[in-house]
Every structure is written in C-alpha cells, then in structure tokens.
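One structure below.
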Amino acid sequence: MKIMIVDDSKIDLFLHERFIQLSGICDKVISYNNAESALQYINENSMMPSELPAIVLLDIQMPEINGFEFLNRLQQFPESVRTAITIIMVSSTVDHTDINRLEDYKNVKCLLKKPLDPDQLKGVLEKINSNVKVGDVS
C-alpha cells in the first residue's frame, strides 16, 4: 500500500513520514508540502492505478490550495481515480465548520488530530480495509 502525505508543515511531514515508516504501516510513503504538487502527481499517474496512493493524509489548513480545494479538484478526476483514493484528514483544527464540511466528501473517511498517532492510524486503516464505517475517530 502507498500512502501520500500532503501538509505544508515540513516538521509534520517529516514526523508523520517517520512514524509511518517505523510502524511498517505501508510499503511506500510519498510526501508533498503543497497540494498542487500532490494533485500533479495524481494527474500524472491517473492512468496507472498501481502508482496512485491508496490513502492520502491531507491537512486542511494550507496556503494557496487548502484541503477543501484539494478535495474539490480531486472530484474532477475520473471516477476510477476518485474511488481508488481514500482520504484521511489530518489537522489541528477545532473549527466545527471545517469538521462539518468534511461530511460533504464521500472519500473522506475521518479526521485525525495532529500530531498523528501511528496506533490510531493503524486502527483507522484496519477499519477501512475491513469496510467498517470509521467516522470521526479523533
């Protein structure tokens, strides 16, 4: 399984990538510090399903293209791409408006609070792989 992390914080990117690598959650982690580059990667690999990330850990609050704009742009991809990618939001937000907006996106499975807890992520991924409703596990 391939996991993509999209977060403008280089510290969070480094920590989350290390947590995931050390926990053995997936085979490959790819990280982007901006949503535009992440969307470009998805676009370039849209015809190669094996290159698409199964999971995207997506920050909400980012400059230029925030998490919601990323989700809106992802909706413009073909259905085969949209359904291949599961989104887990990772944020320190306590804004209930942001949290409620996440319900509008089918491929967003849950919101995890920063800093990421590898055991919590493992539990969420197990539920996703078992097709169990995840909901808000924060």
Side-chain angles (χ1 to χ4, degrees):
M1 172 175 45
K2 185 181 298 182
I3 293 179
M4 174 186 283
I5 306 170
V6 184
D7 196 317
D8 62 308
S9 167
K10 290 182 181 179
I11 293 170
D12 286 337
L13 271 179
F14 174 78
L15 289 174
H16 294 162
E17 189 171 340
R18 276 308 270 163
F19 288 158
I20 291 167
Q21 288 171 340
L22 292 173
S23 66
I25 290 173
C26 68
D27 303 324
K28 185 173 182 183
V29 179
I30 48 179
S31 300
Y32 291 98
N33 67 353
N34 67 76
E36 185 66 47
S37 296
L39 288 163
Q40 183 176 347
Y41 175 90
I42 292 169
N43 186 51
E44 289 170 358
N45 293 284
S46 63
M47 301 306 261
M48 297 177 284
S50 64
E51 293 302 312
L52 292 173
I55 303 290
V56 173
L57 301 176
L58 179 63
D59 186 21
I60 294 175
Q61 303 296 329
M62 295 184 287
E64 298 170 25
I65 299 175
N66 67 29
F68 294 108
E69 292 168 33
F70 178 98
L71 293 170
N72 290 336
R73 289 183 52 186
L74 186 64
Q75 294 305 312
Q76 297 171 11
F77 282 88
E79 184 177 357
S80 60
V81 173
R82 293 191 319 264
T83 57
I85 299 172
T86 298
I87 308 291
I88 298 174
M89 303 303 289
V90 181
S91 185
S92 55
T93 189
V94 292
D95 184 340
H96 291 289
T97 304
D98 282 349
I99 294 168
N100 292 335
R101 281 180 67 190
L102 295 176
E103 295 173 9
D104 295 337
Y105 301 94
K106 286 190 242 178
N107 53 347
V108 174
K109 298 302 178 191
C110 67
L111 169 66
L112 298 178
K113 298 291 184 193
K114 286 184 182 182
L116 190 61
D117 177 336
D119 291 329
Q120 187 179 35
L121 179 59
K122 276 185 185 179
V124 167
L125 293 175
E126 287 171 7
K127 288 180 180 180
I128 289 170
N129 290 334
S130 302
N131 291 318
V132 174
K133 183 168 173 49
V134 179
D136 182 22
V137 293
S138 54

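All values below were derived from every heavy atom in this structure, side-chain atoms included, with hydrogens, water molecules and symmetry-related copies excluded.
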> When rounded to the nearest 0.5 angstrom, what distance separates CD in Q61 from CG in D7?
Replying inline: 11.0 Å
>> Suppose we screen for side-chain hydrogen bond (donor to acceptor under 3.5 Å, both in side chains). Which residues come up paired with S92, at least two apart in sequence or across chains?
In response: none
>> Please enumerate all residues that pass salt bridge (charged side-chain N to carboxylate O under 4.0 Å, His left out) together with E69, with sequence neighbours excluded.
In response: none
>> What I'd like to find out is whether the side chain of L52 reaches to under 4.5 Å of the side chain of V81, using heavy atoms alone.
In response: yes
> Listed by chain and number, what are the side-chain hydrogen bond (donor to acceptor under 3.5 Å, both in side chains) partners of T97, not counting sequence neighbours?
Replying inline: D95
>> Restricting to side chain to side chain contact (heavy atoms under 4.5 Å, CB included), what partner residues turn up for P63, sequence neighbours left out?
In response: D8
>> For N45, give me all partners under side-chain hydrogen bond (donor to acceptor under 3.5 Å, both in side chains), at least two apart in sequence or on another chain.
In response: none
>> Using the rule that Ile, Leu, Val, Met, Phe, Trp and Tyr join whenever any side-chain heavy atoms are under 4.5 Å apart, tell me whether I5 and M1 fall into a single cluster.
In response: yes
Distance-only donor-acceptor hits, side chain of residues 11-22, under 3.5 Å, sequence neighbours excluded:
unit_1	atom_1	unit_2	atom_2	d
D12	OD2	K114	NZ	3.0
H16	ND1	D12	O	3.3
H16	NE2	L116	N	3.1
E17	OE1	S31	OG	2.8
E17	OE2	Q21	NE2	3.4

> Can you name the side-chain hydrogen bond (donor to acceptor under 3.5 Å, both in side chains) partners of N43, sequence neighbours left out?
Replying inline: none
> How would you list, by chain and number, every residue that makes a side chain to side chain contact (heavy atoms under 4.5 Å, CB included) with T86, sequence neighbours excluded?
Replying inline: I55, K109, I128
> With sequence neighbours left out, what residues match K2 under salt bridge (charged side-chain N to carboxylate O under 4.0 Å, His left out)?
Replying inline: E51
> Of all residues at least two apart in sequence or in a different chain, which pass the salt bridge (charged side-chain N to carboxylate O under 4.0 Å, His left out) check with R73?
Replying inline: E36
> Sequence neighbours excluded, which residues qualify as side chain to side chain contact (heavy atoms under 4.5 Å, CB included) partners of N107?
Replying inline: L74, Q75, I87, Y105
> Would you say N66's side chain and M62's backbone share a donor-acceptor pair under 3.5 angstrom?
Replying inline: no
> With sequence neighbours left out, what residues match T83 under side chain to side chain contact (heavy atoms under 4.5 Å, CB included)?
Replying inline: E79
> Got L58 and I88 here, is their nearest side-chain heavy-atom distance under 4.5 Å?
Replying inline: no
>> Check this for me: E64, atom CD, are more than 12 non-hydrogen atoms of other residues, nucleotides or ligands nearer than 6.0 Å?
In response: no
